[in-house]
Amino acid sequence: MPELPEVETVVRGLRETLPGRRILAVRLGKTDFIDDPAALEQHVPGKRIEAVRRMGKFLVFDLHSAAGSSSEQHHLIVHLGMTGQLITMPREAPAAAHTHVYFELDDGRDLRYIDPRRFGRMALVSPEGHREMLGHLGVEPLEISEDEFRAKLAGRRSRIKALLLDQSVLRGMGNIYSDECLWWARIHPSRLAANLDRDAVRRLHKAVRKVLNEAIAKRGSSISNYRDSNGDMGEFQARHRVYQRQDKKCFRCATLIRHSIVAGRSTHFCPQCQPAPRSRRPTRKSGTTRKNKSARHRRT
DNA sequence: CTTACGGCCTGGGTGC
DNA sequence: TGCACCCAGGCCGTAA
């Protein structure tokens, strides 16, 4: 699933060839994931791509009127959801299944949006719309200092895993990297953020930097159908320590990795390296009969 | 206000 | 071989 490292990889790839290109035409397939398809069709053709940026898991294309007529500025905002892909290819390349948007470029290529489940999102917005849509986002995980990070966690009574996933706190972390970071920091995902001591916060801050930087260097994790802007897979999935490794040995202590639901999300951790917090006030016995299903074997 | 939780989107993998 | 259904992740609305 595209999280920060995957989106960063896509952005870096697009940045190599898109800035300066003009979009000649837009062709749409299914549009239920686009905020205002008509606006996209009306205003994007003729625009020049000024810059390609990332904010958390969002891609932002800064578009300028080629004619330089009005000073109006537009931003094309794209969220890849779970299965979205943005790939450049020759105009004559056959259409992959689930291709929903074609941006025809002035260099003979297409930038295509492919998304089987259409959990992604796309919108053409003004600077005000940009603020509206992305203004709530928290800070970039790779830009936050340890002190700022500590301040973010202070007093928060939610589980640390939930906080890492909260885009208004840190922007860009998803389920894979939350689990990986907590393993490196040796912190149980159910710990309350407010209860983490100084050293735990330091370890977590360090783990976030380490994991995200290494994942970017490996061009992301190709779980599910993630591909970069050239259609190539990432390699970080081979480096996962806990994600989807339930019932396999912990790389540190050989204890079997466990899988459970934390903060409503599928969660993977080492019960030895990441000791559980003092049993919190007995969570409402809502279905104590946790189905401990047989081991599920999963392909990458 | 903060946190918790259920539901929704869709289709591929899994189990029967 | 076929088919029903569970579940993925992010987000939002609502409840506590």
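Values below: every heavy atom of this structure, side chains too, minus hydrogens, waters and symmetry copies. So that the names make sense, note that chain A is the first sequence line, chain B the second, and so on, each numbered from 1.
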ask   = Below 4.0 angstrom from OP1 or OP2 of C/dG9, is there any side-chain N or O of A/Tyr243?
value = yes
key: Contact check, side chains of A/Leu105 and A/Leu24, non-hydrogen atoms, under 4.5 Å   = no
Check the interface with nucleotides 6-9 of chain B: list each N/O to N/O pair with the protein under 3.5 Å, or write none.
none

inquiry  = Centroid separation under 6.0 Å, is that true for the rings of A/Phe269 and A/His188?
reply    = yes
inquiry  = Below the 4.0 Å mark, does C/dC11 have OP1 or OP2 next to a side-chain nitrogen or oxygen of A/His136?
reply    = no
task = Send over the distance from A/Arg156 CZ to B/dT3 P, rounded to a whole Å.
result = 4 Å
ask   = Can you tell me how far C1' of B/dG12 sits from CG of A/Asp115, to the nearest Å?
value = 14 Å
request  = For the pair A/Tyr177 and A/His240, name the ring-plane relationship: parallel under 30°, tilted 30 to 60°, perpendicular over 60°.
outcome  = perpendicular
task = Looking at every strand, decide which applies to A/Arg265 at a 4.0 Å heavy-atom threshold: base, sugar-phosphate, or nothing.
result = base
request  = State whether A/His98 places a side-chain N or O below 4.0 Å from either non-bridging phosphate oxygen (OP1 or OP2) of B/dG12.
outcome  = yes
message = I need the full list of salt bridge (Lys or Arg N to Asp or Glu O under 4.0 Å) pairs touching residues 164-178 of chain A, with sequence neighbours left out, sorted by first then second residue.
response = A/Glu140-A/Arg171
ask   = Given C/dC11, C/dA8, B/dT3, which nucleotide is nearest the side-chain atoms of A/Met82?
value = C/dA8
ask   = To the nearest Å, how far apart are A/Phe33 CZ and C/dG9 P?
value = 21 Å
query = Which part of the nucleic acid, if any, lies within reach of A/Gly81 when heavy atoms closer than 4.0 Å are counted: base, sugar-phosphate only, or nothing?
reply = nothing
